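Worksheet: one structure, shown below.
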Amino acid sequence: KKTKVGLIFGGNSSEYEVSVQSAKNIYEAIDKAKYEVYPMALTQSGFMVDLETSKQLFDNPHLEVENKAAVENVANIVQLGDYQDVDVFFPIVHGNIGEDGALQGLFRILNKPFVGSDVLSTAVTMDKDFTKIIAQSAGIKVADWVIVKRHTQDDWTYDKVSQKLGSTVFIKPSNQGSSVGISKAIDEESFNKGLAEAFEYDDKVLVEEAINGVEIEVAVLGNENPQASGVGQITTPEGEFYSYENKYIDESGATLAIPAPISEELTEEVRAEALKVYDILECSGLARVDFMLQNSDSQIVFNELNALPGFTNISMYPKLFELAGITYPDLIDHLISYAKERFDHKK
Ligand code: ATP
Ligand code: MG
Ligand code: MG
Ligand code: MG
């Protein structure tokens, strides 16, 4: 008997398109002899739609916008609870609802296994502020930061933050991904503009010390004894950071070096640090752990953890494991096994 997998994707975050692409790739690559897949799309307005409509979104992610009436037709709308025969859920929804504990809570209520971290871990890691507080308290090096909330916005000026954090700072919505709402500020004007932009996405904003260096990422897979992949490095054009445009739009924007051109010793240090972060944040299944490698002293600075990282076949996560000898279909297979294992454990 085949295992029935509920592949949930889409969602109302700014990372809708990335999620559709990840899900489409999973749908195509999954071992059909072993699994039967139900594509279950969440539209951008938050409805879950039936299998046929979900499949249509794979090839035309914007169908919902182009023909909202057809997609969100009452006849197409379903509830998660309608899928009682699903054996395991595979959420590949990035950002809010999917990566922040909300969907995970629903799976718990339905008493079904699901791929990826549980409620607590996804909720914490979606929040960059809480993630850093916990990591720092466990001795992990993070960039210095301050929190600006919507109602305390007037207390903060560029002069005040730059005294504490240096003249270049990063401004980020606390709960976001794919660099949406993130900017670099170097003066009063860019600071005010950046804050306003970040507040479009969240009520809580981080202003962070800029780390002068390169970004490196590690993929982690497993439950109690997880394995870390090799290290990947991202190179962005001079003076730019890994912005949404560099990630998904501009082909020449950023290049991935897998493995990263760093020493074996440093590679091992980064991998160990990734596993430590994974453990501290009580992750399970998978995560991609992002660091900055500081130019001045080669120190590794933990930036953030992505509980449901991009999973298109050209994404960093699957590519890192491919290098470690785990193919994309095998990775899917492992993730489903880990989901079941955790579920059986917790009962
Ligand atoms: P994703 O989930 O897609 O990885 P995100 O939206 O969660 O992205 P971050 O990874 O925190 O955002 O930041 C986006 C990018 O901004 C990073 O990849 C890095 O290039 C740059 N960046 C973020 N924080 C800093 C910092 N403190 N110093 C230097 N660069 C930074
Ligand atoms: Mg992120
Ligand atoms: Mg993310
Ligand atoms: Mg990141």
Side-chain angles (χ1 to χ4, degrees), residues 13-19 21-22 92-96 98-100 117 122 124-132 135-136 141-146 161-162 164-186 194 197-198 200-202 204-219 232-249 253-256 260 274 277 281 283 286-296 299-312 314-317 320:
S13 84
S14 46
E15 296 175 276
Y16 171 84
E17 284 93 358
V18 186
S19 168
Q21 193 55 49
S22 295
I92 195 72
V93 185
H94 312 301
N96 57 8
E99 206 174 349
D100 70 351
S117 290
T122 47
V124 167
T125 56
M126 194 65 228
D127 188 305
K128 292 183 195 295
D129 179 37
F130 288 173
T131 300
K132 286 167 69 106
Q136 192 177 48
K141 186 174 165 58
V142 297
D144 204 2
W145 82 107
V146 297
V161 299
S162 55
K164 185 171 156 63
L165 305 170
S167 60
T168 306
V169 292
F170 273 80
I171 305 175
K172 313 177 178 183
S174 196
N175 295 271
Q176 267 296 328
S178 292
S179 301
V180 174
I182 298 185
S183 61
K184 190 161 89 172
I186 50 160
E197 197 190 331
E200 283 177 30
Y201 298 94
D202 204 343
K204 179 163 77 165
V205 168
L206 280 82
V207 181
E208 221 175 69
E209 163 196 14
I211 303 296
N212 188 7
V214 291
E215 177 160 5
I216 46 176
E217 303 184 342
V218 182
Q233 179 179 311
I234 291 135
T235 310
T236 45
E238 180 70 33
E240 288 183 30
F241 68 98
Y242 200 22
S243 63
Y244 188 86
E245 286 69 30
N246 283 332
K247 278 175 188 171
Y248 305 110
I249 297 170
T255 49
L256 309 187
V277 170
L281 294 167
C283 297
L286 79 164
R288 197 192 73 226
V289 193
D290 298 353
F291 300 92
M292 295 296 295
L293 179 59
Q294 199 159 267
N295 281 339
S296 57
Q299 278 236 41
I300 42 184
V301 183
F302 167 57
N303 179 30
E304 60 141 2
L305 182 142
N306 293 282
L308 289 173
F311 214 89
T312 73
I314 57 154
S315 296
M316 186 63 111
Y317 187 93
L320 281 169

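All of these numbers come straight from a predicted model, not from anything done at the bench. Whatever order the structure lists ligands and atoms in, that order sets their numbers, starting from 1.
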Heavy-atom nearest option to [atom], drawn from [options]:
atom                    : options                        : answer
atom 13 (O) of ligand 1 : Ile182, Val207, Leu206, Leu305 : Ile182
atom 27 (N) of ligand 1 : Glu208, Glu215, Glu304, Glu217 : Glu208
atom 29 (C) of ligand 1 : Phe170, Trp145, Tyr242         : Phe170

| Which heavy atom of Thr122 sits nearest a heavy atom of Ala307, and at what distance? |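 Closest approach of Thr122 to Ala307, heavy atoms only: CG2-CB, 3.9 Å.
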
| message | On a heavy-atom basis, which atom in His94 and which in Glu99 lie closest, and how many Å separate them? | response |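 Minimum heavy-atom separation between His94 and Glu99: CA-OE1, 3.4 Å.
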
| field | Audit row: Ser178, Glu15, side chain to side chain donor-acceptor pair (under 3.5 Å) steps and yes/no | value | CA-CA 7 Å; Ser178 292; Glu15 296 175 276; 2.5 Å; yes

Element-labelled atoms of ligand 1 that are located less than 4.0 Å from some non-hydrogen atom of [X]:
X      : value
Arg288 : 1 (P), 4 (O)
Ala210 : 28 (N)
Gln176 : 7 (O)
Asn306 : 1 (P), 2 (O), 4 (O)
Phe241 : 15 (C), 16 (O), 20 (O), 21 (C)

| message | So if I apply the side chain to side chain donor-acceptor pair (under 3.5 Å) rule between Ser174 and each of Asp202, Thr131, Asp129, Asp127, which one comes out positive? | response |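 Exactly one candidate clears the test, Asp127.
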
| request: State, with a plain yes or no, whether a side-chain heavy atom of Val161 is found less than 4.5 Å away from one of Val146. | output: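 Result yes, sub-4.5 Å side-chain heavy-atom pair found.
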
| said: Measuring only between side-chain heavy atoms, which start at C-beta, is Phe291 closer than 4.5 Å to Asn303? | reply: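 Counting from C-beta outward, Phe291 and Asn303 never come under 4.5 Å.
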
Where on [X] is there a heavy atom closer than 4.0 Å to ligand 1, on the side chain, on the backbone, on both, or on neither?
X      : result
Asn303 : side chain
Thr236 : neither
Lys128 : side chain

| message | Under 3.5 Å between any N/O of Ile211 and any N/O of ligand 1: does that happen in this structure? | response |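 Yes; the residue has a nitrogen or oxygen that sits under 3.5 Å from a nitrogen or oxygen of the ligand.
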
| said: With nothing but distance in play, are any N or O atoms of Lys172 less than 3.5 Å from an N or O of ligand 1? | reply: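 Right, the criterion is met.
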
| request: Return yes when at least one N/O/S atom of Asp290 is nearer than 2.8 Å to the Mg ion (ligand 2), and no when none is. | output: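 No N, O or S atom of Asp290 is closer than 2.8 Å to the Mg ion (ligand 2), so no.
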
| query | How about Gln176: does one of its N, O or S atoms come closer than 2.8 Å to the Mg ion (ligand 2)? | reply |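 So Gln176 does not bind the Mg ion (ligand 2) by this criterion.
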
| query | Of all the heavy atoms in Lys184, does at least one lie under 4.0 Å from an atom in ligand 1? | reply |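 No, that is not the case, since the closest heavy atom of the residue is not under 4.0 Å from the ligand.
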
| query | Do Lys132 and Glu208 pass the side-chain contact (heavy atoms from CB on, under 4.5 Å) test, and can you show the C-alpha distance, the side-chain angles, and the key distance before you say yes or no? | reply | CA-CA 11 Å; Lys132 286 167 69 106; Glu208 221 175 69; 2.9 Å; yes

| message | Walk me through whether Ile186 and Ser167 qualify under side-chain contact (heavy atoms from CB on, under 4.5 Å). | response | CA-CA 6 Å; Ile186 50 160; Ser167 60; over 6 Å; no

| What's the atom name of the N, O or S in Glu304 nearest to the Mg ion (ligand 4)? |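 Result for Glu304 and the Mg ion (ligand 4): OE2.
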
| task | Given side-chain contact (heavy atoms from CB on, under 4.5 Å), test Gln294 with Asn212 step by step and report yes or no. | result | CA-CA 6 Å; Gln294 199 159 267; Asn212 188 7; 5.8 Å; no

